Amino acid sequence: MTGATGLIGGAVLHRALSSGHPAEWVCLVRAPDAEAGRQRIAARLGRFTNPLTAQRLAQRVEVVTGDFTQADRIADPRLDSVTQVLHLAADTSWWAEGKVHKTNHDGTLALARRASHMAGLTRFLHVSTAMICGGEPPHLVDETLYPRPDTHHLVHYSASKSAAEMSLAAQFPDLPLVVARPSIVVGHAALGARPGSSILWVVRACDRLRLLSCDPEGAIDIVPADWVADTLIAMLDRPELAHTVYHLSGGRDHCTRWDALARAFEAADPEGGTRNYERFEATDRATLQGRFAETFGLDEAIKVAMMRALQAYYRFCALNVTFSNDRLLAEGFAPPPSLPQYLARCLETSGEIVDQFHEDFGNYAPGQAPQRAPSRRVAAAAARTGAEARPARRAG
Ligand SMILES: NC(=O)c1ccc[n+]([C@@H]2O[C@H](COP(=O)([O-])OP(=O)(O)OC[C@H]3O[C@@H](n4cnc5c(N)ncnc54)[C@H](OP(=O)(O)O)[C@@H]3O)[C@@H](O)[C@H]2O)c1
């Protein structure tokens with residue numbers, strides 16, 4: 001596995017190790033030595049369980065230290081005996097063009113080159129993203145429509161994932177490649193926001209602002225991290241799969257409709273009052289800025305950064321796109337719960353929306369995250385220069 005220290009990697013390891021799944025995991029982790037790598041895995045597992053159990057589970061994995069983008073230079077013989085690769089690692093920041101392409105495209109090809117020396121390899125499960133559909137998808141996207149070289153992407157991240165899929169297929173015809181494309185991963189159905197609040201802050205901010213960039217009857221395709229983890233493990237367990245590409249998504253029947261989400265917010269947070277979402281154009285910065293200032297204030301650099309990130313997310317929300325999961329369901333995989341079904345758990349385990357954004361920003365933006373409560377001068381400078389305007393992370 002690559003990406004064991006990330007949100008989905010942690011969820012996979014936690015599910016597999018705590019359920020007695022028989023696989024032996026070899027994790028490729030960036031760390032100065034194996035023990036430090038193990039401690040990084042334990043820290044991630046600690047978001048899913050208590051620290052002692054996290055330590056105990058982390059003792060059960062093999063740790064190979066290294067950067068997956070240099071995987072073809074890692075001679076460790078434990079990699080030679082790998083039978084299945086689960087490739088999750090990626091740079092999920094949106095706008096660092098050269099860096100994300102190098103990591104997600106070039107790095108994935110380096111891993112595939114290393115995998116071609118694994119004599120007993122039966123599967124290379126590459127985790128891509130459904131957002132390779134770019135900025136002009138039809139309302140319902142199935143697995144056959146993308147990737148396409150002429151897709152207009154909203155962010156460099158999805159362009160790099162799209163390019164990786166195309167190059168893997170073209171350059172590694174003998175690799176036992178299966179591609180899993182999760183849609184947008186938000187929270188954990190049982191643990192809520194504890195394992196990570198990435199993108200949850202976006203949904204909460206849209207609700208708090210009462211602003212949407214699509215119809216309230218529109219949909220957003222959200223799935224929880226634990227369901228993605230279970231599905232990836234189940235895909236690894238299947239000796240045969242009917243297809244080589246699968247959406248891990250809500251699809252027609254389990255995607256999240258904004259009006260259902262509004263009712264779920266009302267039920268989970270009655271003090272927040274009735275939810276009537278107003279529609280606006282994602283490009284209408286003035287409306288967003290005015291509403292944001294009234295609701296959250298624009299008195300801190302982090303809030304300026306959050307508003308800019310949100311404006312970008314509203315462009316994704318405007319797509320109103322659903323990713324078909326017919327392939328997955330036809331092969332007997334369980335459908336995901338929709339966000340309204342586990343929203344209450346997410347809210348119970350959440351702090352302030354701005355703090356959740358800060359966690360996202362701090363972990364994934366290039367450079368330092370702005371501190372909370374800076375001077376007015378810093379906030380003004382941020383607003384002028386856009387210095388913090390390279391926020392957050394993934395589009396899914
Ligand atoms: N979360 C979503 O909404 C979503 C939706 C669709 C698809 N996906 C895909 O799912 C995968 C996992 O996403 P996630 O949300 O779990 O990501 P994440 O939390 O951002 O974690 C990224 C992981 O990749 C590792 N990584 C990055 N660069 C690396 C490198 N050069 N060498 C070794 N490891 C490296 C990170 O390791 P460090 O800890 O060392 O940085 C971390 O373990 C990604 O491929 C992403 O594109 C995610």
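Not measured: the values here are computed from a predicted model. Just so you know, ligand 1 is whichever comes first in the structure, and atom 1 is the first atom listed for that ligand.
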Numbered atoms and elements of ligand 1 in range of L7, under 4.0 angstrom, heavy atoms: 15 (O), 16 (O), 19 (O)
If you take the nearest heavy atom of each of G9, P195, S128, which one is closest to atom 9 (C) of ligand 1? S128
Can you tell which part of T92 has a heavy atom less than 4.0 Å from ligand 1: side chain, backbone, both or neither? side chain
Which of the ligand 1 atoms, numbered from 1, are nearer than 4.0 Å to a heavy atom of T69: 31 (N)
State the atoms of ligand 1, each with its element, that fall below the 4.0 Å cut-off from a heavy-atom position in I8. 10 (O), 12 (C), 13 (O), 16 (O), 48 (C)
Which ligand 1 atoms does S183 reach within 4.0 Å, using its non-hydrogen atoms? 5 (C), 6 (C)
Are the side chain of T5 and the backbone of I41 linked by a donor-acceptor contact shorter than 3.5 Å? no
Among K102, R30, M1, H126, closest by heavy atom to atom 29 (C) of ligand 1 is R30
Provide the number and element of each atom of ligand 1 under 4.0 Å from a heavy atom of K161. 44 (C), 45 (O), 46 (C), 47 (O)
Measure R181 to ligand 1 on non-hydrogen atoms and call it side chain, backbone, both or neither using the 4.0 Å cut-off. neither
Looking only at side-chain N and O atoms, does D207 offer a donor or acceptor that is under 3.5 Å from a partner on Y277? yes
Using the salt bridge (Lys or Arg N to Asp or Glu O under 4.0 Å) definition, which of the options D80, D76, D72, D67 pairs with R114? D80
Suppose I only count heavy atoms of A89 and a 4.0 Å limit; which atoms of ligand 1 are within that range? 24 (O), 25 (C), 26 (N), 34 (N), 35 (C)
Looking only at the aromatic ring of each residue, does the gap between the centers of F68 and H87 stay below 6.0 angstrom? yes
Of all the atoms in ligand 1, which lie at a distance below 4.0 Å from a heavy atom belonging to F68? 28 (N), 29 (C), 30 (C), 31 (N), 32 (N), 33 (C), 34 (N), 35 (C)
Is there a donor in the side chain of Q39 and an acceptor in the side chain of E35, or the other way round, less than 3.5 Å apart? yes
Rounded to the nearest 0.5 Å, how far does CG of L28 lie from CD of Q70? 10.5 Å
How about R210: does its CZ atom have over 12 heavy atoms from other parts shown lying under 6.0 Å from it? yes
Polar-atom distance check: A90 versus ligand 1, any N or O pair below 3.5 Å? yes
To atom 44 (C) of ligand 1, the nearest of T5, L88, V127 on a heavy-atom basis is L88
Please tell me whether W227 and Y342 form a close aromatic pair, meaning their ring centres lie under 6.0 Å apart. no
Any N or O on Y157 sitting closer than 3.5 Å to an N or O of ligand 1? yes
Contact partition for R40 relative to ligand 1, non-hydrogen atoms under 4.0 Å: side chain
Quick check: does G6 get an N/O under 3.5 Å from an N/O on ligand 1? yes
Heavy-atom closest contact (H101 atom, A163 atom, distance): CE1-CB, 4.0 Å
What is the minimum heavy-atom distance between S183 and G250, and which atoms define it? OG-N, 4.3 Å
